[in-house]
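Accompanying notes for the structure given below.
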Amino acid sequence: MFFDARRFEFTAPLVENWQEIRREYVAVQHRAIDWFERELYGDGWKVVGLFDFPHGKPLADNTRLCPLTASLVERHIPRHGAAGFSILQPGTRIQPHKGYAGEFLRCHLALSVPEGDCGLTVAGATRRWREGEVLVFDDRVEHAAWNETARERVVLLIDFIPDQEAARAAATPEQVIR
């Protein structure tokens, strides 16, 4: 299920700084490693971690190279978990799966999105990423992602626990556009 990203105050500074965040990604893209759950995708899902999974502790070697991104996460999202850059290489499909139990929702800030067949389905609703925009969804329900284009797709991925007021406001998912 997708949520209205505007319900979460921290998304505004991310959107305001998305191009600088993308520049920081470019500076660390050579550090990308395979996501550990290979059974979900086979090959082509890479990550550059900034804050570890699942505790959200800084990964110093990478946060040092991405000071703005790290600062935005730490300053605006006090209850964050894992955060980092998620890369889907051309031809990659992440199979339908459910995330881990807990209170976390997931935020994707789109940094580089190719034209074509590249999207995310959550609980049967499909969306396309748009550069400089945020998607917020419940990772605990079945979801899948794919990039069937000739270019990589990059998002800043942040797991977060919403505050009580935002959680209540976001309890009603926004109207899904298919």
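On a predicted model such as this, the values are computed, not experimentally measured, just so you know. Numbers for residues simply follow the sequence, beginning at 1.
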message: As a test of understanding, state which of Leu156, Asp61, Val73 forms a side chain to side chain contact (heavy atoms under 4.5 Å, CB included) with Leu50.
response: Leu156
query: Are Trp146 and Thr92 close enough that a side-chain donor and a side-chain acceptor fall under 3.5 Å?
result: no
- request: State the CG-CD distance between Asp43 and Gln89, to the nearest 0.5 angstrom.
  value: 6.5 Å
message: Would the distance check show the side chain of Asn147 and the main-chain N or O of Leu88 forming a donor-acceptor pair, the cut-off being under 3.5 Å?
response: yes
- request: Could you point out which residue of Phe8, Phe137, Phe51 forms a ring pair (Phe, Tyr, Trp, His ring centres under 6.0 Å) with Phe160?
  value: Phe8
- request: Check the pair Glu131, Arg22 against salt bridge (Lys or Arg N to Asp or Glu O under 4.0 Å), reporting the backbone distance first and the verdict last.
  value: CA-CA 10 Å; Glu131 290 181 2; Arg22 182 169 62 185; 3.3 Å; yes
query: Between the main-chain N or O of His97 and the side-chain N or O of His143, is there a donor-acceptor pair closer than 3.5 Å?
result: yes
message: Can a side-chain donor-acceptor contact be found between Arg127 and Thr121 if the only test is distance below 3.5 angstrom?
response: no
field: Nearest heavy-atom neighbours spanning Val47 and Ser86
entry: CG1-CA, 4.4 Å
query: Hey, any chance Phe85 and Val15 share a hydrophobic cluster, counting ILVMFWY side chains that come within less than 4.5 Å of each other, even indirectly?
result: yes
task: Return the orientation label for the Phe53 and Trp35 ring planes: parallel under 30°, perpendicular over 60°, tilted otherwise.
output: perpendicular
- prompt: For the atom pair CZ (Arg23) and OG1 (Thr69), what is the distance rounded to the nearest 0.5 Å?
  reply: 10.5 Å
query: Where is the tightest heavy-atom contact between Met1 and Val122, given as atom of each residue plus distance?
result: N-CG1, 2.7 Å
field: Heavy-atom side-chain proximity of Arg151 to Ser112 below 4.5 angstrom
entry: yes
task: Mind checking the CD1-SG spacing from Ile21 to Cys66? Nearest 0.5 Å is all I need.
output: 9.5 Å
- request: Hey, could you give me the CZ/NZ distance between Arg140 and Lys98, rounded to the nearest 0.5 Å?
  value: 11.5 Å
- request: State, yes or no, whether a side-chain contact exists between His108 and Leu120 at a heavy-atom distance under 4.5 Å.
  value: yes
message: Membership question, hydrophobic clusters at under 4.5 Å side-chain separation (ILVMFWY): are Val136 and Trp18 in the same one?
response: yes
Test item: Thr11 side-chain N/O and Arg6 main-chain N/O as donor-acceptor pair under 3.5 Å: no
query: Looking only at atom types and distance, does a side-chain atom of Glu24 sit under 3.5 Å from a main-chain N or O of Leu68, one as donor and one as acceptor?
result: yes
query: Honestly curious: do Ile161 and Leu157 fall in one hydrophobic cluster under the side-chain, below-4.5 Å linking rule?
result: no
task: Determine, stepwise, if the pair Arg106 / Asp138 fulfils salt bridge (Lys or Arg N to Asp or Glu O under 4.0 Å).
output: CA-CA 6 Å; Arg106 179 157 288 171; Asp138 190 339; over 6 Å; no
field: Non-hydrogen atoms of Val48 and Arg31 that approach each other most closely
entry: CG2-C, 4.0 Å
statement: Nearest heavy-atom contact between Leu72 and Pro13 is CD2-CB, 4.0 Å
Main-chain N/O of Pro78 paired with His80 side-chain donor or acceptor, under 3.5 Å: no
- request: Answer yes when Glu148 and Arg93 have at least one side-chain N-carboxylate O distance shorter than 4.0 Å, and no when they do not.
  value: yes
message: Regarding Arg79 and Asp163, does a basic nitrogen lie under 4.0 Å from an acidic carboxylate oxygen?
response: no
- prompt: If you draw a 6.0 Å radius around CD in Glu9, do more than 12 non-hydrogen atoms from other residues or ligands fall strictly inside?
  reply: no
field: Heavy-atom closest contact (Arg128 atom, Cys118 atom, distance)
entry: CD-O, 3.2 Å
query: Would you say Arg153's side chain and Leu111's backbone share a donor-acceptor pair under 3.5 angstrom?
result: no
query: For Trp45 and Ile87, what are the C-alpha separation, side-chain angles and deciding distance, and is it a side chain to side chain contact (heavy atoms under 4.5 Å, CB included)?
result: CA-CA 6 Å; Trp45 184 9; Ile87 304 104; 5.9 Å; no
message: Applying a strict under-4.5 Å side-chain criterion to I, L, V, M, F, W and Y, I'd like to know whether Ile77 and Phe104 cluster together.
response: no
- prompt: What's the shortest heavy-atom distance between Gly49 and Asn62, and which atoms?
  reply: O-ND2, 2.7 Å
- prompt: Between atom CD of Gln29 and atom OH of Tyr25, what is the distance when rounded to the nearest 0.5 Å?
  reply: 4.5 Å
query: Linking I/L/V/M/F/W/Y whenever any side-chain heavy atoms sit under 4.5 Å apart, do Leu59 and Val154 land together?
result: no
message: For Lys57 and Asp52: C-alpha separation, side-chain torsions, deciding distance, then whether salt bridge (Lys or Arg N to Asp or Glu O under 4.0 Å) applies.
response: CA-CA 5 Å; Lys57 303 288 184 215; Asp52 77 352; over 6 Å; no
CA sep, side-chain torsions, deciding dist, call: Cys107, Leu14, side chain to side chain contact (heavy atoms under 4.5 Å, CB included): CA-CA 10 Å; Cys107 170; Leu14 294 176; 4.2 Å; yes
